[in-house]
Amino acid sequence: MTDSYFKLESPITFKGEAGDGILSYRHYDPDEVVMGKRMEDHLRFAVCYWHNFVWPGTDPFGGQTFERPWFGDDMAAARHKADVAFEMFSALGVPYFCFHDFDVRPEGASFAESRRNLEEITDYFSKKMEQTGLKLLWGTANLFSHRRFMAGAATNPDPDVVAYSAATVKSCIDATHRLGGENYVLWGGREGYETLLNTRIGQEMDQLGRFLNMVVEYKHRIGFTGTILIEPKPQEPTKHQYDHDVATVYGFLKRYGLEDEVRVNIEQGHAILAGHSFEHELALAYDLGIFGSIDMNRNDYQSGWDTDQFPNDVAEVALAYYQILKGGGFSTGGTNFDAKLRRQSIDPQDLLAAHVGGMDVCARALKAAAAMLEDGTLEAALDERYAGWKSGLGMDILNGTHDLESLAAHVQDTGLKPQPVSGRQEILEAVINRFV
Ligand code: XLS
Ligand code: NI
Ligand code: NI
C-alpha cells in the first residue's frame, strides 16, 4: 500500500446545499429513495480505470500533461496504480469499477507472461475488493492499442491475430469471472475498415460472428453468469466500424443467432457520433430487448469525435434516464463514467471533482426523470396518440385481420377521410421544463 495520493481527510459524502459540490455531493444521496428504490441501486455508478489512471493527457498535437507517480510498465507500478485507483473508488463511494487488461498490468514479453501479470493483479484486486466492498461492473480486453491489432482483432485478415485475440479475451473473461464481474464488454475499436480496397466485409463479419459465438460458448462452459455486452460505435479509430449503432448490432446478433445472449452497452458519445440522440439508442435497445448498460460520457457537439467528457447537462441526461426508468431500469448494467479529464486538469483534486460533478448531474437527472414518469403527462400524451391501436381498425390491422384489399374496400365503403392531429411537440417540451 502506497501513501495516500488524494490526501482527503474524509471520504466524499452527501452534504446537500451545505457542501461545495466539489468534494461533497449536493444531489447524489445514495440512500435517498426514488420511485421505491435507493438512488445508489438505480444508478449503479462505476468508475473506469483507463481514462483515470492510464491516459497520459496526450492529444494529436501534444504529449503527456499528467505526471502520475504510478506511470511505469512493471508490476510495482501496476500495484501502485491499483492502490491509487481503489483509494479513489472508495473516496467517491461508488459501488463499481471497470477495467481492460491493458490498463491494469504491464504487457509481457510473451502471451503467457501477459496472462500471468493479469492473474497477479486479479489476485491483488480481489483482496482490495474484499477490504473495500467495491464490485466489478465489467471487465474487457483491449484489442486495439497494440500494433498487432492494427488491422482488427476478431476481424483481422490474419487468423493468427484472431487466435491471439481469442486467447486474450479468454484470459479477460477468466479475470472478470474470478472477480465476480456482472458483465463482460466487447468494444470493437478496430473491428472495421479504412478502405474497401483491402477489405472483404462479408468475410470479416463471419469472423466476428464466430468469435462472438465462441465467447458465449465459453461463458456458459465456465458458468459465468454476467451479461455479454457489445458497445456500438460508428467510427474512430477505424473509419467504418461494424458495430455502428444499436440497430446495426441487433441485425448482426440476429444473423449470427445471438440476440438472446448478447446485449448492448450504450455510450452517449457514440450515439452522437452515429447521428442519433442518446435516448434514441436507449429506447431502441429496450424495445429490441437488448438493453444492457451505459457509458455516461458526452461528446463535444462541435468537434465530431469521441471527446469522452463528464456529463454536465441535466436536461439531456434526464431524457436518457427517463428512457431507462421507463424500460425498467438496469439489471446487471450500470452507469459507467467512461470519461476523461481535459488535459489541463492536472491536479489530483480534478480527478475526484470530475466524478463528483458527473454523479451530481446524474442524480439530478434521475430525480427529474422519476418526477416526469410519476407526473404521467408525457406517457398520457403517448397513450392518447396511439389510442387507435387498442381496438377496432388499429387492432385489426396489427393482428392480421386486414390485408391491402380489405383496407381498400374499408376506405371506399366508409368514405374514410383521415384528419391530421397536432404532434404537440412544443407543448411536450414545455412539460420537460417543469422538471429539469
Ligand atoms: C471507446 C470506448 C471504450 C470502451 C471500452 O470509445 O468507449 O472506452 O468503453 O473498451
Ligand atoms: Ni465506452
Ligand atoms: Ni467511447
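Both ligands and their constituent atoms are indexed starting at 1 by order of listing.
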Atom indices of ligand 1 within 4.0 angstrom of [X] heavy atoms, with elements:
X	value
K233	1 (C), 6 (O)
D295	9 (O)
D338	2 (C), 3 (C), 4 (C), 7 (O), 8 (O), 9 (O)

* Please work out whether the ring planes of H80 and W70 are parallel, tilted or perpendicular, with thresholds of 30° and 60°. =>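 Ring orientation, 0 to 90° scale: perpendicular.
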Contact check: [X] vs ligand 1, nitrogen or oxygen atoms, below 3.5 angstrom:
X	value
H100	yes
W187	no
E231	yes

* **Audit row: R26, K15, side-chain contact (heavy atoms from CB on, under 4.5 Å) steps and yes/no** => CA-CA 6 Å; R26 283 172 81 95; K15 295 212 175 89; over 6 Å; no
* Are side-chain N/O atoms of T332 and T227 paired as donor and acceptor at under 3.5 Å? ->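 Per modelled atom types, T332 and T227 side chains form a pair under 3.5 Å.
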* Asked: Of the backbone atoms (N, CA, C, O) and the side-chain heavy atoms from C-beta on, which set of E267 has a member under 4.0 Å from an atom of ligand 1: side chain, backbone, both, or neither?
  ->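 Side chain only; the backbone of E267 stays clear of ligand 1.
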* Would you say the ring centroid of Y184 lies under 6.0 angstrom from that of F224? ->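 Aromatic pair excluded; centres sit 6.0 Å or further apart.
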* Taking it one step at a time, do T122 and E119 satisfy side chain to side chain donor-acceptor pair (under 3.5 Å)? -> CA-CA 5 Å; T122 306; E119 284 168 358; over 6 Å; no
